[in-house]
Engineer: 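Okay, handing you the structure first.
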Amino acid sequence: MDYKVAVTADAEADLDQYIQYLLTEKKSEQAAVNLLDDFEATIQRLRAAASSLKLCENPRLKELGYRRINFLSHRYFILYRIVDDIVFVDNIFHELQDYENKMI
């Protein structure tokens with residue numbers, strides 16, 4: 001089943017923050033482009049396989065229906081939930097962030 005994917009304003013802000021960091025702090029346009037490409041590839045995977053990934057292990061996130069998908073080539077991941085045939089991308093995190101405390 002192909003899902004529609006809706007990227008929320010929070011997720012867009014998360015991605016923008018990471019891109020701005022790469023552009024301003026690391027001064028690497030290529031790294032920013034690579035991250036955007038990886039994000040787009042991850043969104044494409046979500047369209048096809050969103051429901052096949054397991055629910056988060058954190059009890060509160062699980063109760064809210066959150067799932068996680070990792071970027072293919074970067075240390076970032078997306079937290080998302082499925083409502084009918086729409087995947088809502090709610091947040092994007094770096095794997096070293098304490099995402100559970102931010103989400104609950």
Side-chain angles (χ1 to χ4, degrees):
M1 171 182 190
D2 277 356
Y3 291 91
K4 297 173 189 157
V5 176
V7 180
T8 65
D10 285 346
E12 287 179 3
D14 293 338
L15 183 61
D16 186 57
Q17 173 188 345
Y18 302 131
I19 296 300
Q20 289 305 314
Y21 172 78
L22 292 171
L23 291 172
T24 58
E25 298 295 321
K26 295 297 183 181
K27 307 222 184 297
S28 178
E29 187 174 326
Q30 187 60 54
V33 169
N34 291 345
L35 181 59
L36 281 173
D37 289 346
D38 202 2
F39 171 75
E40 290 298 327
T42 304
I43 294 298
Q44 292 302 321
R45 287 180 30 230
L46 267 180
R47 284 192 175 99
S51 63
S52 68
L53 299 173
K54 69 179 186 169
L55 291 167
C56 290
E57 292 183 16
N58 177 288
R60 179 70 177 135
L61 295 177
K62 186 176 194 174
E63 178 183 314
L64 294 171
Y66 277 104
R67 300 169 190 254
R68 172 182 169 157
I69 186 169
N70 294 330
F71 283 35
L72 287 172
S73 304
H74 292 85
R75 297 175 65 184
Y76 296 92
F77 64 91
I78 291 173
L79 279 186
Y80 69 95
R81 56 196 162 80
I82 303 170
V83 179
D84 298 323
D85 65 342
I86 302 173
V87 173
F88 289 93
V89 173
D90 286 332
N91 292 95
I92 302 168
F93 294 101
H94 188 276
E95 68 181 28
L96 296 178
Q97 286 179 277
D98 183 11
Y99 72 96
E100 289 176 333
N101 285 324
K102 181 179 179 187
M103 294 297 296
I104 51 177

Engineer: Grab the two heavy atoms, one from C56 and one from L61, that are nearest each other, plus how far apart they are.
Structural biologist: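 Closest approach of C56 to L61: CB-CB, 3.9 Å.
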Engineer: If you compare all heavy atoms of L72 against all heavy atoms of A41, which two are closest, and at what distance to 0.1 Å?
Structural biologist: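 Closest heavy-atom pair between L72 and A41: CD1-CB, 4.5 Å.
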Engineer: Check whether any side-chain heavy atom of Y21 lies under 4.5 Å from a side-chain heavy atom of L35, and answer yes or no.
Structural biologist: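 Y21 does not reach L35 side chain to side chain.
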Engineer: Would you find more than 12 non-hydrogen atoms of other residues, nucleotides or ligands less than 6.0 Å from E29 atom CD?
Structural biologist: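 Count not over threshold, so no.
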Engineer: Provide the closest heavy-atom pair for D2 versus A48 in the form atom of the first, atom of the second, distance.
Structural biologist: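 Residues D2 and A48, closest heavy atoms: OD1-CA, 3.9 Å.
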Engineer: Side chains of D38 and Y76: donor-acceptor distance under 3.5 Å anywhere?
Structural biologist: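 No pair is found: no donor N or O on one side chain lies under 3.5 Å from an acceptor on the other.
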Engineer: Would you call the rings of F77 and Y99 parallel, tilted or perpendicular, taking 30° and 60° as the class edges?
Structural biologist: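 It falls in the perpendicular class, over 60°.
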Engineer: Answer yes if I86 and L46 sit in the same cluster of Ile, Leu, Val, Met, Phe, Trp and Tyr residues linked by side chain heavy atoms under 4.5 Å apart, and no otherwise.
Structural biologist: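 Different clusters.
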Engineer: So which atom in K102 and which in D14 form the shortest heavy-atom distance, rounded to 0.1 Å?
Structural biologist: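 Smallest heavy-atom distance, with atoms named: NZ-OD1, 3.8 Å.
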Engineer: Looking at CD1 of I19 and CD of E12, how far apart are the two atoms once the value is rounded to the nearest 0.5 Å?
Structural biologist: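 CD of E12 is found 12.5 Å from CD1 of I19.
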Engineer: Out of I43, L79, I69, which one pairs with V89 under the side chain to side chain contact (heavy atoms under 4.5 Å, CB included) rule?
Structural biologist: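 When I43, L79, I69 are each tested with V89, the side chain to side chain contact (heavy atoms under 4.5 Å, CB included) holds only for I43.
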Engineer: Do F88 and Y66 share a hydrophobic cluster, counting only Ile, Leu, Val, Met, Phe, Trp and Tyr and linking them when any side-chain heavy atoms are less than 4.5 Å apart?
Structural biologist: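 Different clusters: F88 never reaches Y66 through Ile, Leu, Val, Met, Phe, Trp or Tyr contacts under 4.5 Å.
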Engineer: Looking only at non-hydrogen atoms, find the nearest pair between F93 and Q97 and report the distance.
Structural biologist: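 F93 and Q97 have their closest heavy atoms at CA-OE1, 3.3 Å.
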Engineer: Determine yes or no for a side-chain-to-main-chain donor-acceptor pair under 3.5 angstrom, with Y3 supplying the side chain and A50 the backbone.
Structural biologist: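 Side chain of Y3 to backbone of A50: no pair is present.
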Engineer: Is L22 reachable from L15 through a run of hydrophobic residues whose side-chain heavy atoms are each under 4.5 Å from the next?
Structural biologist: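 L15 and L22: one cluster.
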Engineer: Any sub-3.5 Å donor-acceptor pair from Y18's side-chain atoms to I92's backbone N or O?
Structural biologist: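 Indeed, once roles are kept as given, a pair shorter than 3.5 Å links the two residues.
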Engineer: Is the backbone N or O of N70 less than 3.5 Å from a side-chain atom of R45, with the two atoms forming a donor-acceptor pair by type?
Structural biologist: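 Yes: the side chain of R45 pairs with the backbone of N70.
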Engineer: Are V87 and R47 packed together at the side-chain level, in the sense that at least one heavy-atom pair is separated by less than 4.5 angstrom?
Structural biologist: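 SC-SC contact between V87 and R47 ruled out.
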Engineer: With a 3.5 Å distance limit and no angle check, can you tell me whether R67 reaches the backbone of S51 through a side-chain donor-acceptor pair?
Structural biologist: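 Indeed, once roles are kept as given, a pair shorter than 3.5 Å links the two residues.
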